[in-house]
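Read the structure below first, then the notes.
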Amino acid sequence: MQGFGQDHVTRLPQAGGLRNAGMDLDMDWLGALRVNAPAINRTAAALPARRVVTGRARAAWMCKAVACMDLTTLSGDDTAARVARLCAKARQPLRPDLLEALGMEGLRVGAVCVYHEMITPALKALEGTGIPVAAVSTGFPAGLSPMRLRIAEIEASVAAGAQEIDIVISRRRVLEGRWDALHDELRAFRAACGAAHMKAILATGELGGLRNVARAAMVAMMAGADFIKTSTGKEPVNATLPVTLVMLRMIRDYHERTGWRVGMKPAGGISKAGEALAYLAMMREELGSAWLSPELFRFGASSLLADIERQLEQHVSGRPSAAWRHGIG
């Protein structure tokens, strides 16, 4: 198994001039979007059984999942010390002996995601690593604070040094069919992000169905989102394979029409290695290998890393490994 080398260091799309420029709202395109929900559900349900990998190939795919991970802490009791421990894990997500055995020296996660107040300790802990700090913003998770405060929050996080901003959309715009208002809101967020990477959280579990998910995803991309993201992790229903499949097909449609590549981030509830591999397989099937990199694919994760490390230890040693051995601090 070959190591990733420099591929483990996240290279942000905006660093290479690859930002999604966005476009005016196209209501004809939006109105023509259709989703065959039964077919989407059947395809998503069949995928895990169709795409099974074992042995060294499975270990390599689990390492790919680690490289595409936004290691996250979004708790009310977060402290600088907790964030520093998380960042230490981001710098070295697997034990050195496992990295050496797997040929994966230099493996890093895609980013560390925190609240605004934790940006400074995260930047300090990640200094010199090339790992970006992402900050959730715009009244996360509900997105119901006044617009001027949501804009100010983005600007404050960018000024503090966040290289990525995970914004939340106003779900009511989707539920009311006010696509122009949603587009305007997201364009304002995109402008406030400046050079920072904008990841638009759709909160798909609160949008009322797959067609609304498709239309919200398309509006977010038209407004200039660099990534679209399923969930905050705080909704009753977070990332699912059917929702992800719909979003990936919107990304493919947008790319075919505009030439811009937009990233994808399933988040919330993905805690097992097998689940992560299913999402990677879907990404490869729908968009191809070009999207299987931290520049265009991320997992929003907190507990996923522990399960991956446990399974990789079992792969290397040939012996079962207990989950308690792999906490992230």
Donor-acceptor check, side chain of [X] to backbone of [Y], threshold 3.5 angstrom: yes or no?
X: Asn212; Y: Gly209; answer: no
X: His315; Y: Arg310; answer: no
X: Arg42; Y: Ala37; answer: no
X: Asn20; Y: Met221; answer: yes
X: Ser75; Y: Asp78; answer: no
X: Thr230; Y: Ala267; answer: yes
X: Thr129; Y: Ile131; answer: yes
X: Arg171; Y: Ile169; answer: yes

Heavy-atom side-chain contact between [X] and [Y] under 4.5 Å:
X: Val246; Y: Arg211; answer: no
X: Val66; Y: Arg108; answer: no
X: Pro266; Y: Phe297; answer: yes
X: Asp226; Y: Trp260; answer: no
X: Trp179; Y: Val174; answer: yes

Distance, nearest 0.5 Å, that separates [atom1] of [X] from [atom2] of [Y]:
X: Leu305; Y: Thr72; atom1: CG; atom2: OG1; value: 11.0 Å
X: Arg284; Y: Trp291; atom1: CZ; atom2: CH2; value: 14.5 Å
X: Met62; Y: Leu280; atom1: CE; atom2: CG; value: 11.0 Å
X: Cys113; Y: Asp166; atom1: SG; atom2: CG; value: 4.5 Å
X: His197; Y: Arg190; atom1: NE2; atom2: CZ; value: 9.0 Å
X: Met247; Y: Met283; atom1: CE; atom2: CE; value: 10.0 Å

Please determine whether a side-chain nitrogen of the Lys or Arg among [X] and [Y] lies less than 4.0 Å from a carboxylate oxygen of the Asp or Glu.
X: Asp184; Y: Arg187; result: no
X: Glu309; Y: Lys89; result: yes
X: Arg298; Y: Glu164; result: yes
X: Asp253; Y: Arg257; result: yes
X: Lys199; Y: Asp70; result: yes
X: Glu313; Y: Arg319; result: no

Between [X] and [Y], is any side-chain donor less than 3.5 angstrom from a side-chain acceptor?
X: Gln311; Y: Arg58; result: yes
X: Arg85; Y: Thr73; result: no
X: Glu185; Y: Ser170; result: yes

Requested in this report: Evaluate the criterion side-chain contact (heavy atoms from CB on, under 4.5 Å) for residue pair Val237 and Glu206; output intermediate values, then yes/no.
Outcome: CA-CA 8 Å; Val237 178; Glu206 298 181 341; over 6 Å; no

Search all heavy atoms of [X] against all heavy atoms of [Y] and return the closest pair with its distance.
X: Leu245; Y: Ala44; answer: CD2-N, 4.4 Å
X: Ala278; Y: Leu47; answer: O-CD2, 3.3 Å
X: Glu100; Y: Glu105; answer: CA-OE2, 3.4 Å

Spell out, yes or no, whether [X] and [Y] are grouped together once hydrophobic residues are joined by side-chain heavy atoms under 4.5 Å, including indirect joins.
X: Leu144; Y: Leu149; value: no
X: Met198; Y: Phe140; value: no
X: Val168; Y: Val158; value: no

Query raised in the report: What residues join Leu175 in its hydrophobic cluster, counting side-chain heavy atom gaps under 4.5 Å, either direct or through other members?
Result: none

Requested in this report: Take Val262 and His255, measure what side-chain contact (heavy atoms from CB on, under 4.5 Å) needs, and give me the verdict at the end.
Outcome: CA-CA 8 Å; Val262 174; His255 176 249; over 6 Å; no

Query raised in the report: With a cut-off of 6.0 Å (strictly less than), are more than 12 heavy atoms of other residues, nucleotides or ligands near CD of Glu176?
Result: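 Result for CD/Glu176: enclosed.
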
Requested in this report: Check the surroundings of atom CZ in Arg50: do more than 12 heavy atoms from other residues, nucleotides or ligands lie under 6.0 Å from it?
Outcome: yes

Requested in this report: Apply side-chain contact (heavy atoms from CB on, under 4.5 Å) to Leu94 and Leu102, showing your working.
Outcome: CA-CA 10 Å; Leu94 305 176; Leu102 294 165; 4.3 Å; yes

Query raised in the report: Which class fits the ring pair Phe299 and Tyr279: parallel under 30°, tilted 30 to 60°, perpendicular over 60°?
Result: perpendicular

